[in-house]
> 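Quick one: this structure, given as C-alpha cells, is what I'll be asking you about.
Computed from heavy atoms alone, side chains included, the values below leave out hydrogens, waters and symmetry copies. Indexing begins at 1, ligand by ligand and atom by atom, following the structure's order.
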Amino acid sequence: MTRHLRSLLDLTPAETNRVVDLAVEVKANPGAYTEALRGKSVAMIFAKQSTRTRISFEVGLHQLGAQPLSLSTSGGTGMQMGRGETVSDTAQVLSRFVHAIVIRTFGQDQVDGLAEHGSIPVVNALTDLYHPCQALADLLTIREHLGSTRGKKLVYVGAGNNVAHSLMLAGPRSGMDVVVTCPESLRPNADVLARAQADGAEHGTSVSVVIDPTEAVRDADVIYTDTWVSMGEEEEAKRLIQTLSGYTVTEQLMAATGKQSTIFMHCLPAHRGEEVAAEVMDGPRSVVFDEAENRLHAQKALMLLLMGGASWS
Ligand code: CP
Ligand code: NVA
C-alpha cells in the first residue's frame, strides 16, 4: 500500500516514533544512507515561498542518492497545475515520471487529491491546514533537548494555524500534552481540535485551548510560537497583528512557566518584536536553529520510510 504524509493523521504513535528514531540514526550516521534512494526522483512542488523546507528536502534527497526536482506553480518554469491542469491529471503524470511528490500549497484538498489520484507517496510540505514535516522535526528537537517527548507539556502561543494544528496532532502521537493559547477569534480549527482531543484521550495525553497566555504556560517544558501572519494572509496582516498583540513570547512569559529548563521553539521565519521578543529568540533557552537543522534529518528519515529505503518496523 502506498503511504503518504498528508498530515500526521497518516501516522500512528508507533510510526511517529519510528520516524524520530530513524531521524536520530540518520543524523548520527548519515554516511550509511548515501545510496538508500539511488535512482529515484522526487517532484517538489512549491506554490508558496520556502527557505527551510525546500532546501532541506533538496539537500536531504541528494544526500540519500535521489534526484530532487524543485518545481513552482508560476512563471516560465512553473507547472501547468498553476494554470489549471487538474490535480488528478498532474498526479497521474507525475506517477509515471517520479517516485514521490512533495508539495507546499494552499488547500489541503490538493495534497489529498494528489494522493488519491496518483500511485506514489505524497508529502505535505505545508498547507493552510497542516505542517506535518515541521512537527516531526520538532519532536526530534524536543527529544534532543529534553531527553524525551513523553510526559512533557508544549504550549503553542499564537494563532491556531497550520503549525498549531500539526503540533496538536503530534502531542498524542508522542506522549506530550499540548496547549494552544490564542485569542478567542483565532482558535484552532474545531475539527482538528476535536480529532486531536480524541487521539489524546486514546493515548493518555491532553490537547486544550487556553485563552490567557500566562495561565497557559504554567509548567510548560516547551514554549513554541509562529509568525502572526501566515503565507496567504497578507491582506489581513494589520488585523492579525492587532488581535495577537498580547501574545508575544517575552522573557516575562518564559518566566511564567516556573521552570528554568523551558526551551523556546519557533518554526521560523521569525519576526522579532511581534510573536517573539529578540531577547527570547536570541537568548539561551532558544533552540530555533537546532530546530531548523532537524528539518533535514527528520525529512530524510521520512523519505526513507515512504520510499522504501528503510522499514517501518
Ligand atoms: N519552517 C518552515 O517551513 O520554513 P520555510 O517556510 O522557510 O520552509
Ligand atoms: N504558519 C506559517 C508557517 C511558516 C513556516 C505559514 O503558513 O506561513
> Looking only at protein heavy atoms, which one is nearest to atom 7 (O) of ligand 2, and what is the separation?
Asn162 ND2, 2.8 Å

> Identify which one of Asp138, Thr53, Thr141 satisfies the side-chain hydrogen bond (donor to acceptor under 3.5 Å, both in side chains) criterion when paired with Arg295.
Thr53

> Sort out for me which residue in Lys300, Glu293, Gln299, His297 forms a side-chain contact (heavy atoms from CB on, under 4.5 Å) with Ser56.
Gln299

> Check step by step if side-chain hydrogen bond (donor to acceptor under 3.5 Å, both in side chains) holds for Tyr156 and Asn161.
CA-CA 10 Å; Tyr156 172 94; Asn161 64 11; 3.1 Å; yes

> Just let me know how Thr53 lines up against ligand 2, side chain, backbone, both or neither, with a heavy-atom cut-off below 4.0 Å.
neither

> Under 4.0 Å, heavy-atom basis, I'd like to know which part of Leu126 is in contact with ligand 2: side chain, backbone, both or neither.
side chain

> Does any non-hydrogen side-chain atom of His62 lie less than 4.5 Å from one of Phe57?
no

> So does Asn189 get a backbone contact from the side chain of His165, meaning a donor-acceptor N/O pair under 3.5 Å?
yes

> Kindly indicate whether the side chain of Met303, heavy atoms from C-beta on, has any atom under 4.5 Å from the side chain of Val123.
yes

> So is Leu268 touching ligand 2 or not, going by heavy atoms under 4.0 Å?
yes

> To check your reading of the model: name the closest protein heavy atom to atom 8 (O) of ligand 2, its residue, and the distance in Å.
Met231 N, 2.8 Å

> Hey, does Arg104 come in under 3.5 Å of ligand 2, counting only N/O atoms on both sides?
no

> Who are the residue neighbours of ligand 1 when the rule is a heavy atom under 4.0 Å from any of its atoms?
Ser50, Thr51, Arg52, Thr53, Arg104, His131, Gln134, Cys267, Leu268, Arg295

> Check for a donor-acceptor pair, side chain of Arg6 on one end and backbone N or O of Val111 on the other, with a separation under 3.5 Å.
no

> Looking only at the side chains, is there a donor atom on one of Arg218 and Thr257 sitting less than 3.5 Å from an acceptor on the other?
no

> Do you know which of Thr90, Thr105, Thr127 makes side-chain hydrogen bond (donor to acceptor under 3.5 Å, both in side chains) with Gln110?
Thr105

> Walk me through it: do Glu144 and Lys27 pass the test salt bridge (Lys or Arg N to Asp or Glu O under 4.0 Å)?
CA-CA 11 Å; Glu144 283 178 348; Lys27 184 172 182 175; 2.7 Å; yes

> Hey, which atoms in ligand 2 end up nearer than 4.0 Å to a heavy atom of Asn161?
1 (N)

> Which ligand 2 atoms, with their elements, are less than 4.0 angstrom from a heavy-atom of Thr227?
2 (C)

